[in-house]
Amino acid sequence: MSLLRVCAFAKCLRRRSFFEKCAVPASFADSCRLCVSARNGAVRPISETQVNLQRRNVSFVIPKAEDAKKRVLEQSQLLDVLEARIQQLQTDIVLDVQHAKVQFVKVPPAIKDVPFARQPKSISKENADISTSEKTFTKGTSKPHSSRWIKKLNEEWKNKQKKEKNLQQKILKKIKEKPKAETNVSKSNTQLHPRTSTKIISTTAKETMPLSQLSRQCGKLSDEIQVAATSTAVFKTEPAISHKVSKGKFKDSKNQPLSKEGQKETTGNDNAQMDREETAYGDIQLSIRSYLEACIFAGDIDRAHCFLLSQHRVMSRRKQLNTSIYNIMMRVWAKKGVLNQIGRVFILLEEAGLKPNVASYCAALECIGRSPSCSPKVINRCLHQMEEDGMSLDDLFTQCLFQEDERDKVLRAVRVIHPDYQPCLKLTQSQCSPSLVQDFYKKRENHQYPKLDFTKEELNERFKRQLDVEQACTVTIDSVEVAKPVTENMAKMRKLFAEQRAQWQKSLLPALRASKMNLAKTNTRDYKLNLYPFLCLMDDTEYVDIMIQSVTNMPPRGESLKILAGDLGNRVFTKYSVRQKHRNQTVEKLGNIYNTYTDLLAKDSKKYDVLPREQWCKLEIEQGSGPMLHGGETSWPYILTLELGTFLVDMMVKHLKINSDILNPAFDRKLIPVLYHMYTFRSTRQIGFIKPHPILIQMQQEAMETKLTFDSYVMPMLCPPVPWTSVKFGAYLLTPSKLMRTTDGATQHEVLLEKCQNLHAVLDSLNQLGNCAWKINKRLLDIIISIFNDRGSDKLDIPPPLSEAPKLPHFNPQDPTYTASEKAHMKRDLINAKKKCSEMHSLRMDALYKLSIANYMRDEIFWFPHNMDFRGRTYPCPPYFNHLGSDVTRAILLFAEGKPLGPKGLDWLKIHLVNLTGLKKRSSLQGRLEYANTIMEDILDSADNPLNGKKWWMNADEPWQALACCMEIANAVRSPNPTQFISHFPVHQDGSCNGLQHYAALGRDVIGATSVNLVPCDVPQDVYSGVAQQVEEFRAKDAANGLKIAQVLEGFISRKVVKQTVMTVVYGVTRYGGRLQIEKRLKEIDEFPKDHVWDASHYLVRLVFSGLKEMFTGTREIQDWLTESARLISKSGHTMEWVTPLGLPIIQPYHRTRHQVLKSTIQHINVQINHDAKERPDTVKQKNAFPPNFIHSLDSTHMMLTSLHCYSAGLTFVSVHDCFWTHALTVDTMNKVCREQFVALHSQPILQELSNFLLQKYCGSTLTEHKNKKYQDYRKLMLLLTEVPQTGDFDLQQVKESTYFFS
């Protein structure tokens, strides 16, 4: 054993002596791999910064006794190889190191005294990349091949010799050009750092860029900050902590600065590297940020500081940190005025190879601003350093997100040096707006922005009410279910339930506190994030209330553990976010700005020629002091909310108990769990499930409590939403909201949006949609509630109560009288009955929530804030009750603002009613109007006696909206002057198969354009009827030829059978999906023989696709081009990305699924993640989804353009994707705007611009290996993208004259 130690020590000495003899360039890393591999971890890399500062600490793994002889032989042979390598390097090192900067530093005392002490493990990329043969050699399972290695070294030496002359010429040329630089280098080559004696190598070779001027100067700055802080108070644990941080660390050497070109190149490389690292460590960095911020919010600064240091000490974990994480601690020390701690964080930044950003300098200046005695020299040095790093004073006040009084303190420090300085904050104008909206922003002479029908005082009062709602985080409302007389049993159950809730609170509180105490004892130096700080963000009682609320709202069938846990975690995060804004003092400032902002909207104030976003930004600049409203709060990663929620669910399952005899005293009394954790199957996957005990279900049903509790964001807003001014700020007052709704955990969309320079048009469109005020149609709501409480109605889409559900069949599986087939049949019936009951309960509760919210808002005016999905399609933020809902919810919504019908308004109401019936789709507008006039008696009867009359309205396609329209028409015709009748009713104009309209316009396809009403016609063209007719012609030919299935289908092919498939083909439906759609339609036909459904659906889907291909040749070419482009791009390892004509960046989040296991005490949850940008793209999803997503992005662009121009014309406008709503008075104006913007959109070279973007993004680099398969795919993609599909001869201007384009 001693012989092994001697061999290893000899190698260590040889390596050290070699370092002292010569400065080794980057190529020496190759030989170090051999050392590392052979010695099985004897030399471990501890730190490799961006400037290639390489330090090696030596530790040994003692081999097993039986391998000792073999190891001795291997190591002795390896020594021969290394000696040969050293001799080779010594011969060719001269040319490589003429510009090398060598620095001698002393070994830290701990290393010097204990040379073989084991250091923390940190495996660099070099270790990870060891070849298989090297790994085998290291393990000692195969014989060493020293001759092979020597041969390889000789070959490398020969290659070196060949390059020697070229290298020598280049270096001599550089020496002549920069003699001064060489002199400076020689002077700095022998610098020593105190406490180390190891050489640190830095060279100007391409592989090892020298340290930039920034890091060197930051070192000076941190030193000055440390000196300046000697007279200030120091954090209590500082001495011990600082000792551990500095132990064995290096200060960066003073290197020769690069030229400007070199600096630019390095910066670009650094940014690219930073982007890659942020992508790789995105979720980890987000978790670390969340953990540190939670610790600080809870007041546990010790824990936050120690945790950051524990992450920093280990190289593998240090790589996961970025500058913003270090800045979190800088802000803490700045608040406390502890300058020396900020200086230490600057040193940590240097050690991590990171550069300070604007926020870093902002924290330093804030700290100085809190220390009036600080020397002006330090401030001056800080400002000078910041300026040298390319940051201006104005950057401090435009790029930093200030909280509390941070801005004022920074300004105080700056004014010590520049007494007259005023931050230059300018309102960003739409200088670089997309060409589509340049005139909209520049030419505003004729704009008439609408006002709300409220005074300034009323709007401010509404703001206060909404603020109270969001501060409470929850809203409790009355249920619309019939309040039956309280029986003795109901009163008893309600009392029991209240007692149980009180008992559960007593059980959960000590359990939560005990769990927190256990978590608090966890050592932060074990590098693991734990939940302790996330359980200290609120009072313990608030966590308990959240848990008890979730028990009360749990459905009788139970809930998936993942869904329940995610819901609990999100509730905690929402409350935490609201409290953060309170602590940051943003609520008061928000009130001041909103109070002034209402001048723009109130009817009793002057008219403005600015948009809501512009006005809000202007007010923020004017009221610049104090905190910023969007303070950069970190959103928790999905896995964190899930973990926190799982922890709370586990506590509920363990500690919520109930007496077994609470309902039946005859039972033995014992405490039993209220909730049970079990497993069930969803499809083929086994999932965790939380199910309530039958006793709890019975108590809830018999108590019949009449209250419902919702999170505040579920409710519509009581005041106009805050306008979207950036990616992270808008919509609700305090509740966190996202501009772009995405899958939980997906971050690539937000990254793209933050990089986008100009989203003004998109934000302004969302603000316009959100500013539309609504009210409830109370008469219709009462009718719907009466039917809801009277057993519902399937025909009218009002779900019945569970009392109407089919009874569950009971059978004993052990009964021998049943055969196996009978048991299987009965089991299948039981499963179907349970499924039906579950579906009925879900539908019933959904209707209950919507109607209860509507009833709660019946006397209110309210607003729906909007956001969008990743394609740009807009949605209201409240999830249950909004105008995108079903026929029932749309029917009970009215515009809060009323407008007179005008000369044509009544006609539009009648036409709209006929559209809702679905009876006259092939008739002209005049024909529909005449039909409406002939059925006026039925219309008036429906309005007067909806439930007891002829009930004509019940046969409409959209019965409830038809009834609401009947009532509006009746009120209008009975008014003294129908043209002056004030109408609040929204009239719809729907696109005619809008997806195909966009395809036909893209391809300028005359036949396709005619089929979807882009061409003016006397009567509307129905593409669905056209396809059905063509399919019928194909069927007739096949039937004549004797095809049996074609004969069976005679008389059954209709518009309804093919409509859904035709509609969804443009959105990427496959033949499989189309077959399922047609199968469903055929099953609905009672007369069709059910044994032929399978064959008929297969046959029909083929005919539908063939018919569409003939009718829309241009559409199919474009769709194929888009699909193939996406296939080749995703095959090359990239995700599909494009930009809409309004400048909205879009990326498809479809990646190969990876599984992440969340380990908890209750269950290990397998989280399927298919949006991880680190994974390869899912080629099938990418190519199938690109055509429909691209078309969706175009229809959303058309809607946004229409909304902006309607707003500038003073119209009320909202949309349900490709269905546009406005007052009856302004339908004609909206139709004109809608057509003009469609023509403007498609007048752009959309496909050519897409081709140029894809070429630039995915074909920018050139590949030269012609035989390489990647090159072949690259060339194929390049040729495909350059061949944009040819367009036809359709004249887009005809759309402006097409009556039935939208009708």
Side-chain angles (χ1 to χ4, degrees), residues 681-684 794-797 799-800 805-806 809 821-840 842-843 886-887 918 921 955 957-958 993 995-996 1022-1112 1116 1180 1184 1188:
F681 282 91
R682 290 280 173 86
S683 185
T684 58
D794 286 330
K795 181 181 178 181
L796 298 176
D797 198 25
S821 60
E822 287 175 334
K823 289 180 181 179
H825 182 72
M826 295 175 73
K827 186 176 181 180
R828 194 179 310 115
D829 289 344
L830 179 62
I831 292 172
N832 290 335
K834 286 184 176 180
K835 183 179 178 183
K836 180 67 176 177
C837 289
S838 178
E839 289 174 353
M840 287 182 64
S842 296
L843 293 172
S886 63
D887 174 46
K921 291 184 178 292
N955 297 315
D957 284 355
E958 308 284 353
C993 198
L996 285 173
D1022 185 16
V1023 65
Y1024 310 117
S1025 299
V1027 173
Q1029 182 179 346
Q1030 196 164 24
V1031 169
E1032 174 60 24
E1033 292 174 4
F1034 293 152
R1035 186 210 62 78
K1037 288 180 184 178
D1038 291 338
N1041 293 332
L1043 186 63
K1044 183 180 178 181
I1045 193 63
Q1047 295 169 350
V1048 171
L1049 279 165
E1050 184 176 359
F1052 292 107
I1053 296 177
S1054 64
R1055 179 184 188 274
K1056 186 176 182 180
V1057 170
V1058 302
K1059 178 181 177 181
Q1060 188 180 13
T1061 306
V1062 174
M1063 185 190 305
T1064 53
V1065 159
V1066 67
Y1067 295 126
V1069 74
T1070 61
R1071 288 179 184 258
Y1072 175 77
R1075 190 202 67 74
L1076 293 177
Q1077 293 168 346
I1078 292 173
E1079 178 185 304
K1080 188 176 181 181
R1081 299 286 85 82
L1082 291 174
K1083 286 181 177 178
E1084 292 173 355
I1085 304 173
D1086 296 333
E1087 298 80 13
F1088 188 79
K1090 297 298 183 281
D1091 53 337
H1092 289 289
V1093 168
W1094 175 268
D1095 294 332
S1097 59
H1098 269 285
Y1099 173 70
L1100 283 181
V1101 74
R1102 179 169 56 83
L1103 296 188
V1104 169
F1105 273 71
S1106 300
L1108 280 170
K1109 193 169 184 179
E1110 287 192 12
M1111 289 180 66
F1112 296 91
R1116 179 54 65 183
V1180 175
N1184 288 341

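Keep in mind that the numbers below use all heavy atoms, side chains included, and drop hydrogens, waters and symmetry copies.
Asn1184 is linked by a side-chain contact (heavy atoms from CB on, under 4.5 Å) to Val1180, counting only residues two or more places apart in sequence or in another chain. Evaluation of the side-chain contact (heavy atoms from CB on, under 4.5 Å) rule for Lys835 yields Glu839 as partners, not counting sequence neighbours. With sequence neighbours left out, Phe1105 forms a ring-ring contact (aromatic ring centres under 6.0 Å, His included) with no residue at all. Partners of Lys1080 according to the side-chain contact (heavy atoms from CB on, under 4.5 Å) rule, which considers only residues two or more places apart in sequence or in another chain, are Glu1084. Qualifying salt bridge (charged side-chain N to carboxylate O under 4.0 Å, His left out) partners for Asp1022, counting only residues two or more places apart in sequence or in other chains: Arg1055. With sequence neighbours excluded, no residue satisfies side chain to side chain donor-acceptor pair (under 3.5 Å) with Asn832. With sequence neighbours excluded, the residues forming a ring-ring contact (aromatic ring centres under 6.0 Å, His included) with His1098 are Trp1094, listed by chain and number. In terms of the side-chain contact (heavy atoms from CB on, under 4.5 Å) criterion, residue partners of Gln1030 (sequence neighbours excluded) are, by chain and number, Phe1034, Glu1110, Met1111.
The shortest non-hydrogen separation linking Ser1097 to Leu1082 is N-CD1, 4.1 Å. Taking each heavy atom of Ser886 and Asp797 in turn, the nearest pair found is CB-OD2, 4.1 Å. Of all non-hydrogen atoms in Val1058 and Ala1028, the two that sit nearest each other are CG2-CB, 3.8 Å. Taking each heavy atom of Ala1039 and Ala1046 in turn, the nearest pair found is N-CB, 3.6 Å. In terms of heavy atoms, Val1048 sits closest to Pro1089 at CG1-CG, 3.9 Å.
Residue pairs satisfying the side-chain hydrogen bond (donor to acceptor under 3.5 Å, both in side chains) criterion with at least one member in residues 1099-1108, sequence neighbours excluded, are listed as follows: Asp1038-Tyr1099. Listed by first and then second residue, the salt bridge (Lys or Arg N to Asp or Glu O under 4.0 Å) pairs involving residues 1023-1037 are Glu1032-Arg1035 (not counting sequence neighbours). Identified under the salt bridge (Lys or Arg N to Asp or Glu O under 4.0 Å) test for residues 1059-1078, with sequence neighbours left out: Arg1075-Glu1079.
Two residues are said to be in side-chain contact when any heavy atoms from C-beta on lie closer than 4.5 Å; Val1093 and Arg1081 fail this criterion. With contacts defined as side-chain heavy-atom distances shorter than 4.5 Å, the pair Met840/Pro800 qualifies.
No more than 12 heavy atoms of other residues, nucleotides or ligands sit less than 6.0 Å from atom CD of Glu1050.
Atom CG of residue Asp1095 and atom CG of residue Leu1043 lie 9.5 Å apart, to the nearest 0.5 angstrom. Rounded to the nearest 0.5 angstrom, Leu1100 CG and Ile1045 CD1 are separated by 8.0 Å. Note that the CG atom of Asp957 and the NZ atom of Lys921 stand 6.0 Å from one another [nearest 0.5 Å].
Residue Val1057 is tested with Ile1078, Leu1049, Val1031 for a side-chain contact (heavy atoms from CB on, under 4.5 Å); the sole match is Ile1078.
Remark: side-chain polar atoms of Lys1090 are paired, donor with acceptor, to backbone N or O of Phe1088 under 3.5 angstrom.
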